[in-house]
Engineer: 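One structure coming up, written as structure tokens, with questions to follow.
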2 protein chains.
Amino acid sequence: MTTQQQFYKSLKTLLDKMQLLDQAEMQAKLADFKPAEVHTIQYIGQHIGANVTAIAAGMYVTRGAVSKMTKRLIRRGLIEKYQSVENKKEVYFRLTAAGQEVYEQHEAMDRQHDQRDQVVFDSADPKQVAGTLQFLQAYNDHLDHELQRPKQGD
Amino acid sequence: MTTQQQFYKSLKTLLDKMQLLDQAEMQAKLADFKPAEVHTIQYIGQHIGANVTAIAAGMYVTRGAVSKMTKRLIRRGLIEKYQSVENKKEVYFRLTAAGQEVYEQHEAMDRQHDQRDQVVFDSADPKQVAGTLQFLQAYNDHLDHELQRPKQGD
DNA sequence: CATATTTTGTTTCTTTGTCAACAAAATTAA
DNA sequence: TTAATTTTGTTGACAAAGAAACAAAATATG
């Protein structure tokens, strides 16, 4: 297996495992809410005033998915939609008090996960950690570049 | 944002971007097959003789998902199921010639992706790359440990 | 050995997402 | 300014995966 393949596999399974762990905890602490609901609440909480298209881009899903999910969250009283006078086409969202409550519970959970994994960061060489972040950033930059240049013939 | 949060975000978006890029190419070159079909074919090709449970564990999905997908791949003539005389409960799979064909096309595509991103590995400090792999491995080991110890009270 | 428990795979129902078609609004071009 | 084009959001049909209930087979326990 090449370095690259190893890298990819490690990355993939790492996230799979995190999701497995996190999901179990979510089930327990936020049982009334589906994972995707919480995820969307989190994104809106962190990106106040984002419209459907921006949320879709940020969450790497389609606008259709966001449209449906926000509709559901509105129905459940967790977010509100609003529009601007300048632009009657775009739709923006904010958390309601109930949504804010869910948001904060989830944030607390996130901090617990951070605690759970802190030992990995603490016991590693700080230079190795910094190098890892730097490498991931370089890789991300490369892919951003690739995404902007979508094949020949466009 | 803490180092840990930065790390997680980089990881997540990196995989999101890869998937975005890869999916576009898949659509073009293996248009007759759904991503999940190709993914399962790839796993079976690399793990001959794996049963439903093993495939599910390896792919981080449920047995139900594997059961359904393998059924579909059999219907489409891409894999075969077989059983052993010693164990009439477990079900194993192998690729057919048609499945092998898809498998190889996908492998070729994977090698192209490797080429696409090789520059990232080439232009980085080899020590940084090695350090990154090491760190990811350490993190994976930590999570394996956490997954084996599923909370208090079990 | 006989029975209880666990493992394995399948199925049904639900959740989540994509895709494609569409309408309304905004932007660009003529 | 009017008309063509693009952007934005919504919807419906469908695809993929999860959870839970189940039956059959294997394993453990007495």
Side-chain angles (χ1 to χ4, degrees), chain A residues 15-16 19-28 30-44 49-76 79-93 154, chain B residues 15-16 19-20 22-24 26-28 30-44 49-76 79-93 154:
Chain A
L15 276 175
D16 283 341
Q19 204 189 348
L20 216 63
L21 279 163
D22 297 359
Q23 180 194 358
E25 203 172 328
M26 280 265 289
Q27 202 105 43
L30 286 170
D32 297 347
F33 306 94
K34 310 288 176 201
E37 293 174 341
V38 177
H39 190 198
T40 308
I41 286 172
Q42 182 192 27
Y43 194 90
I44 290 174
N51 65 354
V52 170
T53 298
I55 295 171
M59 295 182 70
Y60 291 90
V61 295
T62 60
R63 284 174 302 162
V66 173
S67 183
K68 284 177 220 178
M69 183 52 69
T70 51
K71 195 176 176 183
R72 196 160 106 195
L73 293 175
I74 290 167
R75 180 161 35 80
R76 298 199 57 184
I79 65 173
E80 298 174 334
K81 83 154 73 172
Y82 64 96
Q83 285 183 281
S84 131
V85 277
E86 294 119 48
N87 190 321
K88 300 179 193 313
K89 191 167 58 156
E90 297 182 339
V91 178
Y92 315 102
F93 302 94
D154 295 12
Chain B
L15 276 176
D16 283 340
Q19 203 189 350
L20 215 63
D22 296 1
Q23 179 194 357
M26 280 265 288
Q27 203 105 44
L30 286 170
D32 297 346
F33 306 94
K34 312 282 179 207
E37 291 174 342
V38 177
H39 190 199
T40 308
I41 286 172
Q42 182 191 27
Y43 194 90
I44 290 173
N51 64 354
V52 171
T53 298
I55 295 171
M59 295 181 70
Y60 290 90
V61 295
T62 60
R63 285 174 303 165
V66 173
S67 182
K68 284 179 253 182
M69 184 52 69
T70 52
K71 195 175 175 183
R72 194 159 108 197
L73 293 174
I74 290 167
R75 178 160 37 80
R76 298 199 57 182
I79 65 173
E80 297 173 336
K81 85 154 73 171
Y82 63 96
Q83 285 182 280
S84 132
V85 277
E86 294 119 48
N87 191 321
K88 301 180 193 310
K89 191 168 59 157
E90 296 181 341
V91 178
Y92 315 102
F93 303 93
D154 297 12

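Protein chains get the first letters and strands the later ones, always in sequence-line order, with residue 1 at the start of each.
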Engineer: Whole angstroms only, please: what is the CD-P distance between A:E90 and C:dA26?
Structural biologist: 9 Å
Engineer: Any salt bridge (Lys or Arg N to Asp or Glu O under 4.0 Å) involving residues 51-62 of chain B? Give me the pairs, sequence neighbours left out, ordered by first then second residue.
Structural biologist: none
Engineer: Quick one: list whatever passes side chain to side chain contact (heavy atoms under 4.5 Å, CB included) with B:K68, sequence neighbours left out.
Structural biologist: none
Engineer: Mind checking ring pair (Phe, Tyr, Trp, His ring centres under 6.0 Å) for B:F33 and listing every partner two or more places apart, or none if nothing turns up?
Structural biologist: none
Engineer: Can you sort out which residues in residues 52-59 of chain A have a heavy atom within less than 4.0 Å of DNA chain D? Ascending by number, please.
Structural biologist: A:V52, A:T53
Engineer: Tell me the interatomic distance from B:N87, atom CG, to C:dT7, atom C1', rounded to whole angstroms.
Structural biologist: 10 Å
Engineer: When you match B:E86 and A:F93 each to their closest nucleotide on DNA chain D, which lands nearer the 5' end?
Structural biologist: A:F93
Engineer: Both B:N51 and A:K88 contact DNA chain C. Taking the nearest nucleotide for each, which residue is further toward the 5' end?
Structural biologist: B:N51
Engineer: Which is it for B:L73 and B:M69 under the side chain to side chain contact (heavy atoms under 4.5 Å, CB included) test, yes or no, and what are the steps along the way?
Structural biologist: CA-CA 6 Å; B:L73 293 174; B:M69 184 52 69; 4.2 Å; yes
Engineer: Calculate, to the nearest 0.5 Å, the distance between atoms CD and OG1 belonging to B:E37 and B:T70 respectively.
Structural biologist: 11.5 Å
Engineer: Rounded to whole Å, how long is the line connecting atom CD of B:Q83 with atom P of C:dG9?
Structural biologist: 9 Å
Engineer: Keeping to residues at least two apart or across chains, list the side chain to side chain donor-acceptor pair (under 3.5 Å) pairs with something in residues 49-62 of chain A.
Structural biologist: A:N51-A:E90
Engineer: Who passes side chain to side chain contact (heavy atoms under 4.5 Å, CB included) against B:Q83, sequence neighbours left out?
Structural biologist: B:V91
Engineer: Which whole-number value in Å describes the distance from B:M69 CE to C:dG9 C1'?
Structural biologist: 16 Å
Engineer: For the pair made of CZ in B:R72 and P in C:dT11, what is the distance, rounded to whole Å?
Structural biologist: 15 Å
Engineer: Measure the distance from CZ on A:R75 to C1' on D:dT11 and round it to the nearest whole Å.
Structural biologist: 14 Å
Engineer: Between B:F93 and B:V52, which heavy-atom pair has the shortest distance, and what is it?
Structural biologist: CE1-CG2, 3.7 Å
Engineer: Using heavy atoms and a sub-4.0 Å distance, could you list which residues of residues 32-41 of chain B are near DNA chain C? By number, please.
Structural biologist: none
Engineer: Can you measure A:D22 atom CG to D:dG18 atom P for me and round it to whole angstrom units?
Structural biologist: 15 Å
Engineer: What's the spacing between B:M59 CE and B:I44 CD1 if we round to 0.5 Å?
Structural biologist: 8.0 Å
Engineer: Mind checking what makes side chain to side chain contact (heavy atoms under 4.5 Å, CB included) contact with B:K88, not counting sequence neighbours?
Structural biologist: none
Engineer: Hey, what are the protein-to-nucleotides 2-6 of chain C N/O distances that come in under 3.5 Å?
Structural biologist:
none

Engineer: Is the shortest side-chain N/O distance from B:S67 to OP1 or OP2 of C:dG9 below 4.0 Å?
Structural biologist: no
Engineer: Rounded to the nearest Å, what distance is computed from the CG atom of residue A:L73 to the P atom of nucleotide D:dT10?
Structural biologist: 13 Å
Engineer: Which pairs, protein N/O on one side and nucleotides 18-22 of chain C N/O on the other, fall under 3.5 Å?
Structural biologist:
{"unit_1": "C:dT18", "atom_1": "OP2", "unit_2": "A:T62", "atom_2": "N", "d": "2.8"}
{"unit_1": "C:dT18", "atom_1": "OP2", "unit_2": "A:T62", "atom_2": "OG1", "d": "2.8"}
{"unit_1": "C:dT18", "atom_1": "O4", "unit_2": "A:K68", "atom_2": "NZ", "d": "2.3"}
{"unit_1": "C:dC19", "atom_1": "OP1", "unit_2": "B:Q23", "atom_2": "NE2", "d": "3.2"}

Engineer: For A:Y92, what residues pass the ring pair (Phe, Tyr, Trp, His ring centres under 6.0 Å) criterion, not counting sequence neighbours?
Structural biologist: A:Y82
Engineer: By side chain to side chain contact (heavy atoms under 4.5 Å, CB included), which residues pair with A:A56, not counting sequence neighbours?
Structural biologist: A:R63, A:V66
Engineer: Return the NZ to CD distance between A:K34 and A:Q27, rounded to the nearest 0.5 Å.
Structural biologist: 8.5 Å
Engineer: Nearest 0.5 angstrom please: B:R76 CZ to B:D32 CG, how far?
Structural biologist: 6.5 Å
Engineer: Please pick, from D:dT8, D:dT10, C:dG9, the nucleotide with the shortest atom-to-atom distance to any side-chain atom of A:K81.
Structural biologist: D:dT10
